[in-house]
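Worth saying up front: this structure is predicted, and the values here are computed from it rather than measured. The first residue of the sequence shown is numbered 1, and numbering continues consecutively from there.
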Amino acid sequence: MEAKIEELKSRINGRVILPQDRDYDEARKIYNAMIDKYPGIILKCRDKEDVIQAVNFGRENGLEASIRSGGHNGAGLALCEDGVVIDLSEMKNIEIDSREKTAVIFPGNTLADIDKATHEFGLALPSGIVGSTGIGGITLGGGIGYLSRKGGLTVDNLVEAEVVLASGELVTANESENSDLFWALRGGGGNFGVVVSFKFKLIEVKNVYAGPMFWPLDKAEEAIRFYDKTMKEASIDLYGFFAFLIVPPADPFPKELQMQKVCGVVWNYTGAMDKAEEIFRPIREFGPPILDYVSEIPMPALNGMFDLLYPSGMQWYWKAHYINELNDESISINIDFGSQIPTFHSTTHLYPIDGAVHSVAPGDTAWANRSARWVQVIVGVSPEAEDAKKITSWCRDYYDALKPHAGGGSYVNFMMVEEDDSVEASYGANFRRLGQIKKKYDPENFFHINQNIEPCS
Ligand SMILES: Cc1cc2nc3c(=O)[nH]c(=O)nc-3n(C[C@H](O)[C@H](O)[C@H](O)COP(=O)(O)OP(=O)(O)OC[C@H]3O[C@@H](n4cnc5c(N)ncnc54)[C@H](O)[C@@H]3O)c2cc1C
């Protein structure tokens, strides 16, 4: 194997990192410190040709292969044990066509990189809410965030992808070329090949009227009902995710609120700024809120708002449900577990996925859940390794209690390594077609370190 690795090194533009190398431990670190895997080779790809070499090397030598973009995956699917990590994090080009309102984005970019680049042109890509998340994983699993109601999922804005298949062949996928692959990429995760460039359409968003608003926990029942009604009646310009949380012990939060358990909404209004005060008048009249940091800010300021609170290297355990409706019992379960949040980084968020997400039919992309109103993520987080058990059991118990009130399946980007049939359930009626497309493009299931879809007929 040593000779083969030497030969590989001579053929690539990027770097090969091996267990004996000084930067190996740094290179095998990912966002979730709960994951501690030891790959045999980490190939830091510089370009598409490197990716082709990495795929061929893995396949020809019978090695496991994982794909890493931002390294944010909670289950640690960016890494493998012993095999080869196809690390795309240094592939950072972004090309924006401001007239066409499109962007070609390489998979090493984070959401913060993309926000910064698009904001200059008054444009934005609907995607997630934390800047350090990688565009690769979030896109292929769906992509939900502050602009979902207005602009749909990240996958709904994908117009083309270039993909290195398990055979090592580089192909283009769009509505007219390899359209079955294009369909599968929009939600099917990293099952079909390594995406080496994404082309997205962008939407016009510059400044937004946005930020967090909190109410005391003893108002939680009224607050969640008020929120539910507000969102049901709101135009797609208003977005807000409901949360149970502990106010962080840090600026800019007032001292008297720090470490208090509260409920709240992080709002995002993208309509005309001169209408914002009027839209928020009835919202501000409810309660009243004990904290109101909603104001006009640039879109990237909203997207980066919680980045400092969630640096890389903490313990993460999470699970998610699709929620169609809130009912008396589920509200009471939420209040019960919301009152028992184990650490101040842990939280639950109800992310709206109605509005523009519902205007795409369930069979039009692999991402099937087009009638649920929310993805609810339950997330246990702590900087302390000794909290791992505590955050995991809170999360699992909360998830289990809500299960009878959930829509079935889960959002693949918020899954750990699951023991049940939740991958199949998550794709519902699209699962079989995904298996058939997998058989066409990756018949040997070379790309299986993911929320795996096995090849089928
Ligand atoms: C702090 C935090 C906040 C988050 N917020 C949101 C949010 O607001 N909205 C949301 O929808 N999700 C969110 N997520 C979940 C996120 O979408 C997933 O964790 C996603 O997997 C991260 O993508 P990545 O590229 O960083 O991950 P990685 O760990 O690098 O990759 C994860 C998997 O995606 C696949 N993959 C990645 N890149 C490629 C590629 N180029 N080609 C083929 N397959 C690829 C592979 O299977 C890989 O194993 C968040 C995660 C974290 C940790």
Side-chain angles (χ1 to χ4, degrees), residues 94-103 105 109-133 135 138-139 143-154 156-157 200-214 227 230-231 233-243 248 251-253 264-286 289 291-310 349-357 359:
I94 301 183
E95 276 168 38
I96 295 178
D97 183 330
S98 58
R99 230 162 24 96
E100 206 193 25
K101 296 192 191 117
T102 57
I105 298 177
N109 287 290
T110 63
L111 302 187
D113 298 329
I114 296 164
D115 257 2
K116 189 164 172 271
T118 55
H119 186 68
E120 275 183 42
F121 299 98
L123 300 169
L125 174 67
S127 200
I129 68 160
V130 171
S132 50
T133 309
I135 191 63
I138 195 170
T139 300
I144 56 178
Y146 294 117
L147 295 172
S148 301
R149 295 190 86 230
K150 186 184 178 81
L153 304 170
T154 312
D156 298 338
N157 294 281
F200 295 104
K201 57 187 162 79
L202 304 171
I203 62 171
E204 278 180 46
V205 177
K206 182 91 181 163
N207 281 5
V208 293
Y209 194 82
M213 191 178 272
F214 298 160
Y227 160 77
T230 303
M231 292 312 298
E233 293 166 358
S235 82
I236 59 168
D237 275 325
L238 184 68
Y239 176 97
F241 72 76
F242 194 89
D251 286 341
F253 298 105
V265 175
V266 182
W267 298 105
N268 182 31
Y269 173 69
T270 48
M273 287 299 112
D274 60 0
K275 291 269 182 312
E277 298 281 337
E278 192 183 317
I279 298 282
F280 275 83
R281 190 168 307 120
I283 296 175
R284 290 192 158 113
E285 279 166 5
F286 170 78
L291 177 138
D292 177 356
Y293 284 173
V294 184
S295 63
E296 185 177 341
I297 52 173
M299 185 67 213
L302 174 65
N303 267 336
M305 196 168 270
F306 303 109
D307 288 11
L308 287 178
L309 188 61
Y310 290 104
H349 294 168
L350 279 143
Y351 295 123
I353 46 163
D354 50 357
V357 180
S359 60

Exam field: side chain T270 to backbone D237, donor-acceptor pair closer than 3.5 Å: yes
Using 0.5 Å steps for rounding, measure from the CG atom of D292 to the CE atom of M213. 4.0 Å
So for atom CD, which belongs to E204, do other residues, nucleotides or ligands contribute more than 12 heavy atoms lying within a distance under 6.0 Å? no
In Å, rounded to the nearest 0.5 Å, how long is the span from CG of D354 to CE of M231? 6.0 Å
D156 side chain vs L153 backbone, donor-acceptor pair below 3.5 Å: yes
With a 4.5 Å limit on heavy-atom distance, are the side chains of P352 and Y227 in contact? yes
Looking only at non-hydrogen atoms, find the nearest pair between T102 and E100 and report the distance. OG1-OE1, 2.6 Å
Please examine the side chains of F200 and T139, heavy atoms only from C-beta on, and report whether any two atoms are closer than 4.5 Å. yes
Side-chain contact, heavy-atom cut-off 4.5 Å: T230 with F286? no
Under 4.5 Å between any side-chain heavy atoms of M299 and K206, yes or no? no
Between G145 and Y239, what is the shortest heavy-atom contact and its length? O-CE1, 3.2 Å
Would you call I135 and L125 a side-chain contact if the rule is heavy atoms closer than 4.5 Å? yes
Quick one: pull up CG in N303 and CG in L111 and give me the separation to the nearest 0.5 Å. 7.0 Å
Residue list, side-chain contact (heavy atoms from CB on, under 4.5 Å) with P126, at least two apart or on another chain: L147, N157, I203
Treating R284 as the side-chain partner and P289 as the backbone partner, does any N or O pair qualify as donor plus acceptor under 3.5 Å? no
If you compare all heavy atoms of A124 against all heavy atoms of V205, which two are closest, and at what distance to 0.1 Å? CB-CB, 4.1 Å
Do the non-hydrogen side-chain atoms of D113 and I105 ever get within less than 4.5 Å of each other? no
Which residues pass the ring pair (Phe, Tyr, Trp, His ring centres under 6.0 Å) test with F121, sequence neighbours left out? none
Distance-only, no hydrogens or angles: does the T118 side chain make a donor-acceptor pair with backbone N or O of L123 under 3.5 Å? yes
Check the pair T154 / S127 against side-chain hydrogen bond (donor to acceptor under 3.5 Å, both in side chains), numbers first and verdict last. CA-CA 5 Å; T154 312; S127 200; 3.1 Å; yes
Residues I297, M305; criterion side-chain contact (heavy atoms from CB on, under 4.5 Å); working and verdict: CA-CA 11 Å; I297 52 173; M305 196 168 270; 3.7 Å; yes
Check: I283 and V265 side chains under 4.5 Å, non-hydrogen atoms: no
For R149 versus A234, what's the shortest heavy-atom pair and its separation? NH2-O, 3.7 Å
Which value, rounded to the nearest 0.5 Å, describes the distance between T110 atom OG1 and D115 atom CG? 8.5 Å
May I ask you to decide if I279's main-chain N or O and Y209's side chain share a donor-acceptor pair within less than 3.5 Å? no
Less than 4.5 Å apart, side chain to side chain, heavy atoms only: is that true for F241 and Y146? yes
For a quick test of reading the model, state the closest non-hydrogen atom pair linking I96 to A103 and the distance between them. CG1-CB, 4.1 Å
Give me the atom names and distance for the closest heavy-atom approach of H349 to A243. CD2-CB, 3.6 Å
